[in-house]
Amino acid sequence: MTRLRYLTPAIAFSLALFGGVTFAQLAQAEPLRIELNNPVIEPMPFAVPDFVAENGGGEDYAAKISRVIAADLAGTGLFAEIPAAAHIARVTSFDAPVSYPDWKAINAQALITGAVQASGDQIVVKFRLFDVFSGQQMGEGLQFAGTAQSWRRMAHKVADAAYARITGEGGYFDSRVVFVSESGPKNQRAKRLGVMDYDGANVAYLTDSASIVLAPRFSPSGDRILFTSYTSGFPQIYLMDVGSLQTRSLEEQPGTMTFAPRFAPDGRTVVFSLERGGNTDIYTVDTQSGTLSQLTDAPSIETAPSYSPDGSKIVFESDRSGTQQLYVMSAGGGEPRRISNGAGRYGTPVWSPRGDYIAFTKQNEGRFHIGVMLTDGSEEKLLTASFLDEGPTWAPNGRVIMFTREQAGEGGQPALYSVDISGRNLRQISTETPASDPAWSPLLP
Amino acid sequence: MTHVSKALLVLAVLGLAACNNPDRYGAGGAGAGGAGGAGGAGGINSSGLGDASDPASVAYFNQTLGDRVFFAVDQSNLSDQARATLAGQAQWLNTNRDYAIIIEGHADEQGTREYNLALGARRASAVQNYLISQGVTASRMRTVSYGKERPIEVCSTEDCYSRNRRAVTVLSMGAGA
């Protein structure tokens with residue numbers, strides 16, 4: 001009774017950059033719901049029995065895929081996995097009827113079943129999500145096909161689909177994070193760019209550590225990265241193609257320093273800070289024509305600009321009032337409006353991809369915080385507190401933030417952490433080396 | 001004032017590339033990304049530090065006159081002590097005209113990365129402007145900010161922070177205007 005089908009070339013598409021995953025989707029159905037805005041969320045018990053290997057090749061991936069799915073969901077703090085040892089039912093065929101009483105007996109509210117076939121370099125993963133207590137499938141089955149090396153991405157796609165159906169929000173697991181990998185003592189840190197899956201897996205390094213590199217940012221389609229490097233001896237912004245690693249300087253004028261670059265939603269304009277004669281202002285450069293525009297002209301420090309997702313506004317920080325505060329101006333420049341009004345200093349504002357919040361770094365009374373506020377500055381909420389938290393970046397669904405946390409003192413090392421915008425679920429991201437300056441990619445296609 | 005060990009001085013001078021690459025902290029060379037850049041203009045220009053008792057030596061400049069000045073939290077204005085140090089530097093630079101000058105601005109770790117880069121640039125610029133006011137030719141000087149990337153002291157107390165909030169005048173031979 002399978003309603004799954006294999007892909008036709010017409011709807012198949014692949015993403016050469018990330019290994020290529022394709023999917024087919026049928027209709028939609030109903031609840032089993034986690035409401036992310038609820039102040040208290042009891043983690044939803046779920047089960048992901050090992051996927052069924054439908055051929056010999058599938059055996060290499062079946063268990064691994066279900067483990068990644070479980071880790072994705074449990075890692076949100078919204079779901080609690082019921083371990084396999086507690087399962088009563090055994091899933092040996094993807095199309096066999098679900099024995100709901102066995103899953104009810106162990107209080108699994110959500111059940112994910114799936115199957116894997118692999119042959120040669122190709123792998124096909126399919127899954128279904130069940131609402132155990134209402135005794136029905138939730139949404140249609142989905143199938144993903146791609147290269148075997150992208151098996152983790154397929155697991156993330158299954159988890160994204162389950163997350164989206166249960167929360168009503170977009171997923172964020174099939175995404176990448178570019179960051180700065182650090183090594184060496186605090187007074188001589190070596191830094192290089194790395195890129196990894198959102199959960200720290202599949203790390204690749206994009207530069208060596210010959211020069212200091214800072215604050216990489218993805219383009220809206222994830223194919224290019226902006227960053228600041230001391231390659232020339234002076235901080236300058238560069239643009240790298242992720243596929244080829246081909247890199248070029250974006251805006252180099254003798255006697256100036258450029259930094260804090262970020263793409264506009266059009267993927268073509270870059271907003272950044274340019275320092276000349278000790279004064280830092282905000283500029284844009286068109287990456288195709290090279291046209292430079294100056295957006296602010298003040299004797300104060302204007303930096304850390306970030307576009308609204310519709311491209312019409314820019315939020316940035318300025319110390320024109322005497323301390324760092326957040327301001328919003330039109331994307332073309334003009335009179336900015338101050339939006340931060342609490343005690344302390346505010347920096348590194350980043351507009352949520354959903355447009356609803358601005359995340360920021362706040363310093364107050366010797367502590368650093370990551371916080372969020374509405375785009376008019378109201379409803380400020382601090383999510384973290386430590387010796388040094390800074391540089392928030394948004395998950396593609398605008399519901400989770402990743403940032404850098406560094407410990408104090410000689411042995412202090414930076415690490416990546418994530419937290420929900422509710423302030424729940426603070427966790428460290430596992431990285432091979434100390435790491436800083438994360439920037440989240442969009443959800444991969 | 002500050003006593004920098006001899007070993008560190010040797011390292012610092014060996015690290016000075018000719019004129020347009022002041023990054024004495026990097027390992028040199030382009031990154032794996034091949035981010036081209038302006039680095040090409042020549043090799044390492046090594047020269048003797050000389051003896052601190054020789055008033056024309058780099059060692060005298062660094063140790064006796066003092067190669068750095070310090071700043072208050074978030075500030076880039078020069079204290080009286082800083083002005084005195086810089087007046088001494090200017091006098092020396094006006095006598096020893098073969099040296100090119102890179103002024104490095106630095107911040108302590110209590111700030112966001114971007115803000116500290118901008119703040120370090122302000123500090124370096126304040127020093128440059130003062131040296132210009134004392135007759136040092138502008139074309140001999142460049143500034144660079146390291147923000148909070150290169151502290152010299154690694155503790156996380158004001159004692160260390162106060163020495164990290166600095167601007168350092170770094171000399172290199174033969175690259176004058």
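Here is how names work: the chains are called A, B, and so on, in the same order as the sequence lines, proteins then strands, and each is numbered from 1.
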Examine the side chains of Thr112(B) and Gln324(A) and answer whether a donor and an acceptor come within less than 3.5 Å of each other.
yes

Max heavy-atom pair count under 4.5 Å with chain B, selected residue of Ala304(A), Ala190(A), Gly255(A)
Gly255(A)

Nearest non-hydrogen partners of Ile152(B) and Asn187(A), listed with the distance:
O-ND2, 4.2 Å

Distance check, rounded to the nearest 0.5 Å: Arg142(B) atom CZ versus Phe234(A) atom CZ?
3.5 Å

Is chain B contacted by the side chain of Gln363(A), its backbone, both, or neither, given a heavy-atom distance below 4.5 Å?
side chain

Could you check which of Arg122(B), Gln128(B), Glu153(B) has the highest count of heavy-atom pairs closer than 4.5 Å to chain A?
Arg122(B)

Would Ser156(B) and Glu406(A) satisfy side-chain contact (heavy atoms from CB on, under 4.5 Å), going step by step from the backbone distance to the final call?
CA-CA 11 Å; Ser156(B) 293; Glu406(A) 186 154 357; over 6 Å; no

Do you know which of Gly409(A), Gly347(A), Ser436(A), Ala408(A) has the most heavy-atom pairs under 4.5 Å to chain B?
Gly409(A)

Could you tell me the separation between the CZ atom of Arg150(B) and the CD1 atom of Ile212(A), rounded to the nearest 0.5 Å?
4.0 Å

Can you name the closest pair of heavy atoms from Phe368(A) and Gln110(B) and give their distance?
CZ-C, 3.8 Å

Side-chain touch Met257(A)/Ser145(B), heavy atoms, less than 4.5 angstrom
yes

dist Ser76(B):OG -> Ile301(A):CD1 (nearest 0.5 Å) comes out at 7.5 Å

Over all heavy atoms of both residues, which pair between Gly233(A) and Val144(B) is shortest? Give the atoms and the distance, please.
O-CG2, 3.6 Å

Can you tell which of Thr228(A), Leu214(A), Thr303(A) makes a side-chain contact (heavy atoms from CB on, under 4.5 Å) with Glu114(B)?
Thr303(A)

Nearest atoms (heavy-atom pairs only) where Gly277(A) meets Ser125(B)
O-OG, 3.0 Å

Sidechain N-carboxylate O distance under 4.0 Å for Glu390(A), Lys148(B)
yes

Region of Glu109(B) in contact with chain A, defined by heavy-atom distances below 4.5 Å
both

Chain A contact via Ala124(B) - which portion, at a heavy-atom distance below 4.5 Å:
neither

Tyr230(A) versus Tyr146(B), closest heavy-atom pair with distance:
OH-CA, 3.3 Å

